[in-house]
Amino acid sequence: MSDKKKARRGTMKKVLNYLRPYWLLVALSILLSAVTVALTLYVPVLIGQAIDRIVGPGQVDFTGILGLLTRIGVIVALTAAVQWLVNTINNKITYQVVRDVRDQAFRHLQTLPLSYLDTQPVGALVSRIIADVDQFADGLLLGFTQLFTGAVTILGTLGFMVSIRPGIAAVVVLLTPLSFVVAKFISAHTYAFFRQQSETRGEQTAYIDEMLGSQKVVKAFGREEKNAEQFDEINGRLEKCSLKAVFYSSLTNPTTRFVNNVVYAAVALSGALVCVATAGTAAPFTVGGLSALLSYANQYTKPFNEISGVVTELQNALACADRIFDLIAQTAETPDAPDARVLKKAEGQVDLENVAFAYTPDRPLIENLNLRVAPGSRVAIVGPTGCGKTTLINLLMRFYDVDRGAVSVEGTDIRRITRRSLRANYGMVLQETWLKSGTVRDNLTLGRPDATEEEIIAACRSAHAHSFIKRLPQGYDTLIGEDGGQLSQGQKQLLCIARIMLCLPPMLILDEATSSIDTRTEIRIQKAFDTMMQGRTTFIVAHRLSTVREADVILVMREGRIVEQGSHEALLQKNGFYAKLYNSQFAA
């Protein structure tokens, strides 16, 4: 078995696993589909009997015909009602499965390690959870609606034809393999093209998302035409693979219709010959019987046309499902140990022992890093771009796990502490702000939903955010859009600072926390920070070395190592790497 077939079969098994909780509804759908088919197939028998009452010898039997037409009307009405019920059940099954898949995908997304998320375009992930799941839903719904009904129709019509004229039914059976050959040819080619189409669509979504989020930079550097050219290239590839997918899938209808017409013509010809041959015998084959057979032949071949179309759509659905399941199958971050410690209000003792870390194995970043931070210390981390400052913060927060060595808090390796409790003891203010859609108050109380109005206002006053918040249209109840909407970068950063001041955790991480704030406001906030940092272990990452002079200890990093450490005055007197960095910021 080829790898593609194995992958397709594996995907189908996963789909069936999602259907398992709804097996009662699936069974009911199949049962009602069988009832619908049985009622539908009984109608040609009644029509054939009505025709024989018209073309038979003697007068037309109007009474008998009226009775048959009444029965046909009741059966058609009952069939419509059952079919409506089947469609309702199929919709319920489909969208419950889609809900489960999308819910699991999003929940799993929350557990994926940053090492995976950092390497995936945001738009591609969005495309998998939104567009691919929608395509999967369409294929699944079509499968439920037509696949079961089609299969039962084929078996039912074949049974009725055998009961009417076994010889003519044999002709139909002999021509049936043509439909399977056509379906196999189409399905063999469409899966790969639909998967390529889905992947390229995800790439296109990621590119659009990236460009929309960077319009200011695009316009500042005049990249509109270049970006349009790159979009055209992606769009062109999407066009080509979509055309191939649509071309092979579009072969379904004409080829299966051709097979249908061949079967219909064979039944008509053989049936007419049998009518002529049996005329005047003891068991003649009537025109009504031939009419019923022709109707069954048409109904027998029609599902092959529908099933071929369903197969094409299922190839698309399975290709999309494969991408979704690929996301769900990604290894989640290492779960907390069963006996992991729940860190309560930490004192702030942090130790790093022989820590080594690399984002990729062939490019070591941090090696043999040792550090001991006493409770309540202010630790500044400085160094040139790419030296490992932010990486060190990622390790402290356990966004990434160390490759070797250990990071400990309160004497316990953080891998033996629950992530939630570890991060609850840290307060982070980053250079890159993050605000969610909602009110200003919603964003401020993200870490303390139970905060009182007085506490919120006090925190905002300390962060010098209260004055601009009061000038907003609805003050603290003003709705802001994704990532702060129309707020300036400085205002967004003030809100993030106020959010931490409201929580006041025992340990703080300030990563260029005042980089977007004017100098006058920065001086005021530094005073608020000084108050907030009293008795709290604080890690300060800064490029502006004038902001770290009051730190208890300054760690100077270079190429993943701490090359110097000490107070501001001691490092200047040493006249080493820190002194060069510091003096270079004030050089003419």
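Below, all heavy atoms of this structure are taken into account, side chains as well, without hydrogens, waters or symmetry copies. Note that this is a predicted model, so its numbers are computed, not measured.
Atoms CD and CD1, from E203 and I208 in turn, are 11.0 Å apart once rounded to the nearest 0.5 Å. To the nearest 0.5 Å, atom NZ of residue K92 and atom CG of residue L28 are 12.0 Å apart. In this structure, the separation between CG on L68 and CG on L66 is 9.0 Å, given to the nearest 0.5 Å. Note that the CG atom of L238 and the CD atom of Q196 stand 9.5 Å from one another [nearest 0.5 Å]. Atom CZ of R107 is separated from atom CG of D103 by 4.5 Å, given to the nearest 0.5 angstrom. Distance check, rounded to the nearest 0.5 Å: CD1 of I480 to CD of Q491 gives 10.5 Å.
Under the side-chain contact (heavy atoms from CB on, under 4.5 Å) criterion, T331 pairs with no residue, sequence neighbours left out. A search for ring pair (Phe, Tyr, Trp, His ring centres under 6.0 Å) contacts involving Y400 returns F357, Y359, not counting sequence neighbours. Not counting sequence neighbours, E239 has no partner by the salt bridge (Lys or Arg N to Asp or Glu O under 4.0 Å) test. Listed by chain and residue number, nothing satisfies the salt bridge (Lys or Arg N to Asp or Glu O under 4.0 Å) test with R420 (two or more places apart in sequence, or in another chain). Applying the salt bridge (Lys or Arg N to Asp or Glu O under 4.0 Å) rule to D232 yields no partners; only residues at least two apart in sequence or on another chain are considered.
Side chain of Y207 to backbone of N227: a donor-acceptor contact under 3.5 angstrom is found. Distance alone, capped at 3.5 Å, is enough to place a donor-acceptor pair between the R128 side chain and the R323 backbone.
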Going through the distances and angles, do Y95 and D100 end up as a side chain to side chain donor-acceptor pair (under 3.5 Å)?
-> CA-CA 8 Å; Y95 291 110; D100 294 344; over 6 Å; no

Starting from the C-alpha separation in whole Å, work towards a yes-or-no answer on side-chain contact (heavy atoms from CB on, under 4.5 Å) for V98 and Y18.
-> CA-CA 9 Å; V98 167; Y18 279 100; over 6 Å; no

Please assess T439 against D442 for the test side chain to side chain donor-acceptor pair (under 3.5 Å), listing each intermediate value before the final yes or no.
-> CA-CA 5 Å; T439 65; D442 292 338; 3.0 Å; yes

Test R398 against I417 for side-chain contact (heavy atoms from CB on, under 4.5 Å), laying out the working first.
-> CA-CA 10 Å; R398 208 187 166 195; I417 298 174; over 6 Å; no

Are D477 and L472 close enough, and set up right, to give a side-chain contact (heavy atoms from CB on, under 4.5 Å), and what steps lead you there?
-> CA-CA 9 Å; D477 294 315; L472 295 175; over 6 Å; no

Run the numbers on E333 and T111 for side chain to side chain donor-acceptor pair (under 3.5 Å), then give the verdict.
-> CA-CA 6 Å; E333 63 183 3; T111 68; over 6 Å; no

Does the side-chain contact (heavy atoms from CB on, under 4.5 Å) test come out yes or no for R237 and Q204, once each step is laid out?
-> CA-CA 10 Å; R237 282 191 284 114; Q204 185 186 62; over 6 Å; no

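With a 4.5 Å cut-off on side-chain heavy atoms, I456 and T452 do not count as touching. At least one side-chain heavy atom of T334 sits under 4.5 Å from a side-chain heavy atom of R419. Proximity of T418 to S421: side-chain heavy atoms (C-beta onward) are separated by under 4.5 Å at one or more points. Looking only at side-chain heavy atoms (C-beta outward), I129 and I324 stay at 4.5 Å or farther from each other. Two residues are said to be in side-chain contact when any heavy atoms from C-beta on lie closer than 4.5 Å; L435 and R499 meet this criterion. With contacts defined as side-chain heavy-atom distances shorter than 4.5 Å, the pair R201/D132 qualifies. In this structure, I89 and V26 have side chains that are not in contact, with every pair of non-hydrogen atoms separated by 4.5 Å or more. By the 4.5 Å heavy-atom criterion applied to side chains, V97 and T94 are not counted as neighbours.
For the residue pair S29 and N90, a side-chain donor N or O sits within less than 3.5 Å of a side-chain acceptor on the partner. With 3.5 Å as the limit, one finds no donor-acceptor pair spanning the side chains of Y476 and E453.
Counted within 6.0 Å of CD on Q110, heavy atoms from surrounding residues, nucleotides or ligands total more than 12; the atom is thus considered enclosed.
Closest of all the heavy-atom pairs between A332 and P113 is C-CD, 4.0 Å. L444 and L495 get closest at one heavy-atom pair: CD2-O, 3.7 Å. Contact between I328 and V101 at its shortest, heavy atoms only, is CD1-O, 4.1 Å. Closest non-hydrogen pair, V440 versus G475, comes out as CG2-O, 4.1 Å. Smallest separation of non-hydrogen atoms from A266 and S270: O-OG, 2.7 Å.
Salt bridge status for D134 with R102: present, with a side-chain N to carboxylate O gap under 4.0 Å. A salt bridge does not link D322 to K14: none of the charged nitrogens lies less than 4.0 Å from a carboxylate oxygen.
Using cut-offs of 30° and 60° for the angle between ring planes, the F136 and F325 rings count as perpendicular.
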Listing, residues 35-47 side-chain donor-acceptor contacts under 3.5 Å, not counting sequence neighbours, or none:
| unit_1 | atom_1 | unit_2 | atom_2 | d |
| --- | --- | --- | --- | --- |
| T36 | OG1 | L32 | O | 2.9 |
| T40 | OG1 | T36 | O | 2.7 |
| Y42 | OH | R71 | NH2 | 2.6 |

